[in-house]
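These numbers come from the heavy atoms of this one structure, side chains and all, not from hydrogens, waters or symmetry mates. Chain A is the first sequence line, chain B the second, and so forth, proteins listed ahead of strands; every chain is numbered from 1. A quick note: this is a predicted structure, and the numbers were derived from the prediction, not measured.
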Amino acid sequence: MNGLLEPSFAITVLPYVTVVVMAFGFALRLARWFIAWKEAPVMGKVAVTRHGRFLGVVENWTVNMLPPRDLAAKYEPGFYVVGVTMHLSFIALLLTNVHEFALLKFLLPGVELASSPFYVPKPWSHVLSAVFLVSLLLMILRRIRHWVSGRALRAISSARDFVAAPLLWLVGLSGFLASIAASTWPYPLPTYIITLHIVIVQVFLMYVPFSKFIHGVTVFIVRTLFGVRRAEYGV
Amino acid sequence: MVKKGLLISVDDVLTTRQLIELETCVRCGACAEACPVYKASEDVLAMPALKLKELRDLVHRGQGILASIFKPKPVDVKELERIAKEAYTCTLCGRCMPGCVFGIQNRELREALRFILYRSGVIPDQLKKIASYLDEKKNPFNAEPADRLKWVAYSLSELGEIPVNKRAETVYFVGCRTSLIEPNHDIARLTAFLLNHVGEDWTILGENEWCSGVSWIAIGDVEKARDYARHNVRLIESLGAKKVVVTDAECYAMLKWRYPQLIFRQPNFKVLHITEYLADCIEKGKIDFYGDIDKVVTYHDPCMLSRLGGVVEEPRLILNTLTSKFVEMPENKMDTYCCGGGGFLPEVNRELSMKIAKTRIGHAKEVGAEVIVTSCPMCREMLREAVKELNEKIEVVDIVELAVKKMKPIERAQIV
């Protein structure tokens, strides 16, 4: 258990690297967006509105995401259910385990978030992990199936799509195993699993600003702006 | 050997919002299932996400991290031609927007892609021809400007006065498709009748009217669309008009929503689609209808009027006044299905366009409709052609046609 899996490396040196890489990645993104902002856009702003923008945004974040309004739910119900399950279980796991993040401990020393109202106790957190892993695996299999059979997703998939989702799956799997190792339920696992999880999570975090995972941040902007547009147009 | 290629400039094409949208797409492919062109062709070329991917690749090559450090990478002309084939296999109906799980406004990204391709000179030949007509004659049909008044010439005795280019409270923006394609002249004539009937102080722009700019947007020249928008706005404002009535859904979306974007200010007039105008007249009791319609009536929402225009309730108010046998088609209002006629798809791939139109007729048949009402000359043309090819007995009419037919006999007698 040397090098990368050394606990001291994973929770002292690596967080510095992670913070620097993440900051660099986000700064690059922001710089590109800012440059585009400064240049005169082809399109100006819509100057008239029909309905209140705030209500439009709220609607677009609630009822418009549910069947029957959501077209993805209408046309690919299986994909919709699996996708929603995967995302919700991921968010729940994130909220449950956020206090255990090495990066957070590093950035906010002494701050204890274990009493979070979103905390899911064991063994339910294990069930949540299993749900997340299965649903994400189904999403990965969907893409592989399309790729193999030469169907629609093959044309739009790139090699990076086959890196991103499996990496997230590894985060989930190592977290699941680490959680078991930490709790001794149902049986103890080697403690280096925990260190392994910490390393994988930090690799994942470094990858976020350079990958499709950026949608975890940008979705809030994009969906909100579509809500504004729908409110303006009155549809 | 030096590889031939073009340096693509993307700097002035995308807004910050659009850059963020490009980076938000996770390539899940959900938009494909919502896209009428993809559903009709089952061809990956038609996938909205593929077009977005191509645009992102072009942006990265011209503006990405590596391009900033080294220099922008030229794009092979053959590759651009392949991308053009994808970009123009689209009706610009915008159904990919509600079809996207994130709400990416894919339609505008498609327009941006077309803008890049147009500037690179790789648009389909059919569209090059249309662009030259637009340049020369200010309409996409290669018709003389004077032809815009043909419907006025043979309508005078029936409709009373049709004021051309005079100062008036209201301008009727007829649109190229209505004024220059003869089978659509009835829409203009009946609208003129309605405006005279309610005592509106109105005029048309006649020969001076230019394409609203929607054709330029579809081809990919936003700058020309801006010039045309400025021309039309200047003209309308010079007549002192406070209101513009439009019967073409594409022109409506342009005048109402795109003109403020293109000219960077709100024009000094209000834009109303004829359905909004009619609904207002009904509510104010300016028009009376008689009798009921004996047939099952359904309504096809034109994409540019509903999803991209925001007018969904007014046509329903009119139809519920006109008939007790109004039924909704599946895929309506915001989620309306395309008629196959937009984005110059019929010019690029007629067969595919018709396949989409036939799917829409299938939706009408599902609810047992005998009459399909719409409020766009393009949709009417496409659906009528599909009905003819399918040998169906369904009638396809414009909402103005139906409204005038149901007006009091004494009023109707003036034009029938």
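Within the 4.5 Å cutoff, side-chain heavy atoms of Lys39(B) are placed close to those of Glu33(B). Residues Met206(A) and Leu14(A) meet the side-chain proximity criterion, which asks for heavy atoms closer than 4.5 Å.
Of the listed residues Gly83(A), Ala152(A), Ala155(A), the one with more heavy-atom pairs under 4.5 angstrom with chain B than any other is Ala152(A). Among Pro98(B), Ala32(B), Cys31(B), the residue with the largest count of heavy-atom pairs under 4.5 Å with chain A is Pro98(B). Most heavy-atom pairs under 4.5 Å with chain B, from the set Met65(A), Arg154(A), Arg142(A): that is Arg142(A). When Glu21(B), Gln105(B), Lys53(B) are compared by the number of non-hydrogen pairs under 4.5 Å with chain A, Gln105(B) comes out ahead.
Heavy-atom neighbours of chain B within the stretch residues 68-82 of chain A, taken at a separation under 4.5 angstrom, comprise Arg69(A), Leu71(A), Ala72(A), Lys74(A), Tyr75(A), Glu76(A), Phe79(A). Along residues 159-166 of chain A, the residues that come nearer than 4.5 angstrom to chain B, judged on non-hydrogen atoms, are Asp161(A) in order of number.
Comment: Glu237(B) engages Arg265(B) in a salt bridge, judged by a side-chain N to carboxylate O separation of less than 4.0 angstrom. Using a 4.0 Å cut-off between a side-chain N of Lys or Arg and a carboxylate O of Asp or Glu, Arg316(B) and Glu328(B) qualify as a salt bridge. Salt-bridge annotation for Arg29(A) and Glu23(B): present, with a side-chain N of the basic residue lying under 4.0 Å from a carboxylate O of the acidic one. The pair Arg114(B)-Glu111(B) does not meet the salt-bridge criterion, since no charged nitrogen lies less than 4.0 angstrom from a carboxylate oxygen. We find that Arg226(B) and Glu223(B) are joined by a salt bridge, their nearest charged nitrogen and carboxylate oxygen being less than 4.0 Å apart.
Of the two parts of Cys28(B), the backbone and the side chain both hold a non-hydrogen atom closer than 4.5 Å to a non-hydrogen atom of chain A. With a 4.5 angstrom heavy-atom cutoff, Ile214(A) touches chain B only via side-chain atoms. Using a 4.5 Å cut-off between heavy atoms, Ala34(B) contacts chain A through both its backbone and its side chain. Looking at Tyr38(B), the atoms closer than 4.5 Å to chain A (heavy atoms on both sides) all sit in the side chain, from C-beta outward.
Ring pair Phe204(A)/Phe213(A): centre-to-centre distance below 6.0 Å. When ring centroids are compared, Phe176(A) and Trp169(A) stay outside the 6.0 Å threshold.
Classification of the Phe24(A)-Phe210(A) ring pair by plane angle, with boundaries at 30° and 60°, yields tilted.
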Review point. Does the side chain to side chain donor-acceptor pair (under 3.5 Å) test come out yes or no for Arg143(A) and His146(A), once each step is laid out?
Key: CA-CA 5 Å; Arg143(A) 195 175 287 279; His146(A) 273 249; over 6 Å; no
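Summarising the geometry, atom CG belonging to Leu19(B) is positioned 9.5 Å from atom CG belonging to Leu109(B); distances are rounded to the nearest 0.5 Å.
Judged by distance alone, the side chains of Tyr299(B) and Ser375(B) do bring a donor and an acceptor atom under 3.5 Å apart.
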